[in-house]
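A short write-up of the structure that comes next.
Each chain gets a letter, A, B and so on, in the order its sequence line appears, and its residues count up from 1.
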There are 2 protein chains.
Amino acid sequence: MATIKDVAKKAHVSVATVSRVINQKGYVNSETREMVLEAIKELDYVPNELARSLFQKKSSIIAVLVPHLTSYYFAELLEFIEDITLELDYRLMVCNSHDDPEKEAQYLKIFDQYNIDGLILIANTHRIEDYKKLDIPIIEIDHKLTEDIPSITSNNVLGGKLAAEKLINTGCKKIIHFRGPSDLMTVRERTDGFKSVLEKNEVYNFSYDLDFKTPSPEDIENVIWSNLDCDGVFCDSDYIAILAIQALKKAGKKIPEEVQVIGFDNIELADVLKPHLTTVSQNRQKIAEYAINSLMKLINKESLEVFHRKIDVELIERDTTK
Amino acid sequence: MATIKDVAKKAHVSVATVSRVINQKGYVNSETREMVLEAIKELDYVPNELARSLFQKKSSIIAVLVPHLTSYYFAELLEFIEDITLELDYRLMVCNSHDDPEKEAQYLKIFDQYNIDGLILIANTHRIEDYKKLDIPIIEIDHKLTEDIPSITSNNVLGGKLAAEKLINTGCKKIIHFRGPSDLMTVRERTDGFKSVLEKNEVYNFSYDLDFKTPSPEDIENVIWSNLDCDGVFCDSDYIAILAIQALKKAGKKIPEEVQVIGFDNIELADVLKPHLTTVSQNRQKIAEYAINSLMKLINKESLEVFHRKIDVELIERDTTK
DNA sequence: TTGTAAGCGTTATCAC
DNA sequence: GTGATAACGCTTACAA
């Protein structure tokens with residue numbers, strides 16, 4: 001590994017000059033520059049980012065703390081985030097919390113140690129204080145833990161409303177809402193939006209809590225078998241919706257003629273599996289873009305025009321609704 | 001952010017002593033140690049890993065280069081890898097190549113810049129020389145690009161054989177093999193294993209190439225409609241198998257009575273979607289464990305007892321075979 | 001326009 | 001046992 005010294009020696013200049021060339025800062029004679037560039041090329045020199053980081057107290061690394069890697073929603077979000085950060089010449093450190101406070105704490109420490117420039121936080125946790133202690137910029141996705149930490153979330157209330165309106169407008173009279181854990185803000189918001197519309201229209205409905213990561217197919221089946229007269233199902237994830245559809249089919253229900261189903265997320269499978277799933281689409285690309293964008297602003301000490309941003313969701317109508 | 005100097009000052013000792021305490025190296029009086037520990041706690045001090053890395057020329061960061069994040073197979077592999085690295089107190093840098101040589105090249109540069117300690121390579125690429133130039137330990141997963149780079153792969157030949165044997169033993173006479181891109185080693189190996197058994201038994205079969213990331217449902221459907229007399233389908237991924245099952249159902253085929261289907265990977269959905277999919281299971285946990293294990297050995301300058309390791313696959317029989 | 005040298009936060013090698 | 005101090009590879013005043 002060639003160092004800046006090697007380059008300096010080869011180009012017969014000082015390390016300061018080489019540094020100026022690399023960083024395109026300060027004056028440097030164009031002939032000298034050529035020599036240096038030449039030497040850099042010959043030696044295959046790349047500046048050591050660690051040394052740089054040490055001096056500048058910034059690492060060009062940003063961390064993403066996610067609760068899981070294996071659910072499509074998070075994986076795709078991460079993929080978008082990675083795309084953008086690479087473009088901006090930042091690196092990505094993945095931190096998988098497994099929703100485990102212990103692991104989060106472990107990572108929290110690491111962020112300081114590596115001069116992480118910023119953190120994208122997608123956590124179901126509630127250890128707000130620990131995050132506030134961190135003196136690096138944070139952008140939260142999906143949740144809004146506190147007013148102090150800027151956030152990007154989907155407009156979940158709208159999502160709930162859109163689903164409810166669709167089901168009502170197509171004549172549903174008894175609706176099951178298979179939701180996520182109701183202690184999550186996203187879930188409560190969707191429920192609020194959903195119920196607000198249904199109650200105004202006096203349509204019978206109830207919510208059943210499931211785990212997002214491993215929703216129990218048996219539970220779903222049981223709920224459906226004890227409510228065979230339902231004609232609408234709204235699910236807080238497409239994965240849950242897929243399970244619900246299976247249960248409904250098993251119960252001999254025709255979709256969408258007898259029962260309509262709406263999912264949430266718009267994962268890849270929603271458009272592939274049959275029947276194609278009507279779903280509330282979260283714009284993950286936009287979420288990722290705004291998140292990184294905002295994070296960059298904070299890193300550059302600029303202020304955010306919108307501190308808590310809501311990204312609109314959209315109802316994608318496919319074959320599980322009329 | 002407190003530094004080692006702050007701690008030294010507070011504890012009325014030199015930085016050298018603090019360093020000794022932190023690293024538990026060299027002699028240090030137990031009373032002094034107590035004082036230092038006290039100071040560390042009071043100041044909430046954590047050593048700066050970048051400075052450490054700079055000196056030691058190791059970063060405790062390992063990089064994982066993957067072709068995608070959104071396919072379940074890679075996501076879960078990454079998840080296992082992250083689990084293990086965190087346990088070993090290493091950080092993970094995710095590098096998503098999108099199968100794009102440009103991006104790979106970009107990342108290749110970065111590995112040097114950050115003193116990355118090792119690389120887990122899961123690439124479909126063939127830029128062997130560039131990787132060899134890298135003077136960091138590499139473990140390759142899924143492929144074996146060259147004899148020089150140690151690899152961990154599933155026993156794909158065995159996978160193909162197991163599938164073929166199952167189909168033959170249950171009476172299949174005409175078998176379609178929906179495989180991945182045949183320029184991939186994994187795919188060729190599976191094909192080899194598969195065909196070796198079928199040809200020995202003189203069973204008619206043919207292979208059809210698909211993209212792993214976005215296999216075309218239309219292509220699958222077309223192939224099936226032009227081969228309605230087939231009674232066995234072997235797919236190189238569970239995702240493909242799911243699409244094939246849909247096409248078969250649409251064609252009015254009964255599974256497994258009229259047509260049997262076997263997938264590959266054993267993703268989560270295989271055991272959830274109906275009919276539950278018979279599949280060749282790749283042991284991702286074991287692959288991840290061996291990969292990190294081997295990488296650690298290389299990092300510690302130890303030699304590997306097995307340079308190219310094959311992990312056995314297993315046929316998981318569910319409801320799509322007799 | 002260029003070079004010298006201090007400093008970023010560590011660790012390790014010496015003396016003492 | 002402990003403390004100076006050089007070194008890791010870089011950037012940036014400040015001099016020249």
In Glu140(A), His308(A), Arg309(A), His143(A), the residue satisfying side-chain hydrogen bond (donor to acceptor under 3.5 Å, both in side chains) with Ser151(A) is His308(A)
note: Lys58(B), atom NZ; dG9(D), atom C1'; distance rounded to Å ~ 18 Å
Of all heavy-atom pairs linking Ala123(B) and Glu104(B), the shortest is CB-OE2, 4.1 Å
For a quick test of your reading: what N or O donor-acceptor pairs under 3.5 Å do the side chains of residues 57-69 of chain B make, sequence neighbours left out?
from, atom 1, to, atom 2, distance (Å)
Ser59(B), OG, Ile61(B), N, 3.1
Ser59(B), OG, Asn115(B), O, 2.7

Nearest heavy-atom approach of Ile116(B) to Ile136(B) is O-CG2, 3.3 Å
Quiz item: Hey, does the side chain of Thr17(A) come within less than 4.0 Å of dG3(C)'s phosphate (OP1/OP2), counting only N and O?
Solution: yes
Requested in this report: Establish, with yes or no, whether the OP1 or OP2 oxygen of dT2(D) is under 4.0 angstrom from a side-chain nitrogen or oxygen of Thr32(B).
Outcome: yes
Under the 6.0 Å and 45° cation-pi test, does Arg284(B) pair with Phe80(B)?
no
Between CG of Leu43(A) and C1' of dG9(D) the distance, given in whole Å, is 15 Å
Taken in chain and number order and not counting sequence neighbours, the residues that satisfy salt bridge (Lys or Arg N to Asp or Glu O under 4.0 Å) with Glu305(B) are Lys297(B)
His12(B) NE2 to dG3(D) P, in whole Å, measures 12 Å
In whole angstroms, the gap separating P of dC10(D) from CG of Asp112(B) amounts to 12 Å
Quick tally for nucleotides 7-13 of chain C: nucleotides whose base has a protein heavy atom under 4.0 Å get B, sugar-phosphate-only ones S, the rest -, giving BBBBBBB
